[in-house]
Amino acid sequence: MIRLRVTFSKDDALRYTGHLDLHQVWERTIRRAGLPLAYSQGFHPTPKIQLAAALPLGFIGQAEIMDMWLDLDEIETASIAPQLQSAAPPGLTVLSVEQVDERSPALQTQVESAEYEVTLL
C-alpha cells in the first residue's frame, strides 16, 4: 500500500462544497483517474482519504493538503498529478503529488498553522 500526499487548490463553484462532500469529490476523482484507492476493513469499508483541515464553506483554498492510500506496491508519482487533474471537476486543481511514509502520523495532527486572507467588498 502506498500513501500519497496531494497538494491542491479549490475555487470557483467548488468553494461552496462542504468538507464531507469534498471527501466524495476526491473519491470520485480518484476512481475516474483509474487509480486503485485503498479502503478500510470491516462491515462498512470507507476510502482511505485524509484531508488536513476543514475549510469553512465559501472559502477558496490555495494550498490544501490531502493524503490518500492506493493499493499498489510501487508507483511513479510524476504520472499521478496529470491523471488526477484530468479527472478532477472544475475548480479543483492538483498542485503536487508526493509519496510519504505510510506509517507517519495522521495528517490532521501535522497541521501547525493556517493563513487566511480576507477581502471586504
Side-chain angles (χ1 to χ4, degrees):
M1 193 173 320
I2 293 177
R3 182 177 181 179
L4 297 176
R5 180 152 299 152
V6 180
T7 304
F8 66 96
S9 67
K10 77 171 195 169
D11 56 9
D12 296 333
L14 199 62
R15 71 192 227 186
Y16 298 109
T17 301
H19 180 71
L20 295 176
D21 292 329
L22 189 58
H23 273 269
Q24 292 177 339
V25 167
W26 270 113
E27 182 182 359
R28 276 189 242 117
T29 300
I30 294 165
R31 277 192 281 130
R32 282 186 197 137
L35 299 172
L37 186 60
Y39 284 82
S40 64
Q41 302 296 313
F43 291 108
H44 185 66
T46 57
K48 294 188 83 172
I49 297 173
Q50 289 181 352
L51 290 166
L55 192 62
L57 191 65
F59 280 49
I60 293 172
Q62 295 178 340
E64 300 300 303
I65 303 172
M66 174 200 67
D67 278 1
M68 66 177 177
W69 283 258
L70 299 179
D71 270 335
L72 294 172
D73 293 328
E74 61 182 54
I75 195 165
E76 186 180 324
T77 56
S79 66
I80 299 295
Q83 279 182 278
L84 288 173
Q85 189 59 59
S86 67
L92 186 66
T93 305
V94 177
L95 303 173
S96 69
V97 177
E98 61 183 336
Q99 187 170 347
V100 293
D101 185 15
E102 186 182 336
R103 297 174 307 267
S104 62
L107 188 56
Q108 293 88 342
T109 63
Q110 296 180 26
V111 176
E112 294 179 5
S113 66
E115 186 176 316
Y116 292 90
E117 180 181 321
V118 178
T119 304
L120 301 174
L121 300 176

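Index from 1, following the sequence.
Side-chain atoms of Q110 come within 3.5 Å of backbone N or O of P105 as a donor-acceptor pair. The backbone N or O of G58 sits less than 3.5 Å from a side-chain atom of R15, completing a donor-acceptor pair.
Take W26 and apply the ring pair (Phe, Tyr, Trp, His ring centres under 6.0 Å) test, not counting sequence neighbours, and it matches F8.
Counting all heavy atoms, side chain and backbone alike, A38 lies closest to M1 at CB-SD, 3.8 Å.
M66 is connected to L22 through a chain of hydrophobic side-chain contacts under 4.5 Å among Ile, Leu, Val, Met, Phe, Trp and Tyr, so both are in one cluster. V25 and I65 sit in two unconnected hydrophobic clusters of ILVMFWY residues. Membership requires side-chain heavy atoms under 4.5 Å apart, directly or through other members. No path of Ile, Leu, Val, Met, Phe, Trp and Tyr side chains, each step under 4.5 Å between heavy atoms, connects M68 with L55, placing them in separate hydrophobic clusters. Under a hydrophobic clustering in which Ile, Leu, Val, Met, Phe, Trp and Tyr are joined whenever their side-chain heavy atoms come within less than 4.5 Å, directly or via other members, I80 and V6 fall into the same cluster.
A side-chain contact (heavy atoms from CB on, under 4.5 Å) with T29 holds for exactly one of L35, V94, L92; it is L92.
For residues 82-102, the set of pairs meeting the salt bridge (Lys or Arg N to Asp or Glu O under 4.0 Å) definition, not counting sequence neighbours, comprises D101-R103.
In the displayed structure, Q62 atom CD is contacted under 6.0 Å by at most 12 heavy atoms of other residues, nucleotides or ligands.
Taken from CD1 in I30 to CG in L84, the straight-line distance is 6.5 Å, to the nearest 0.5 Å.
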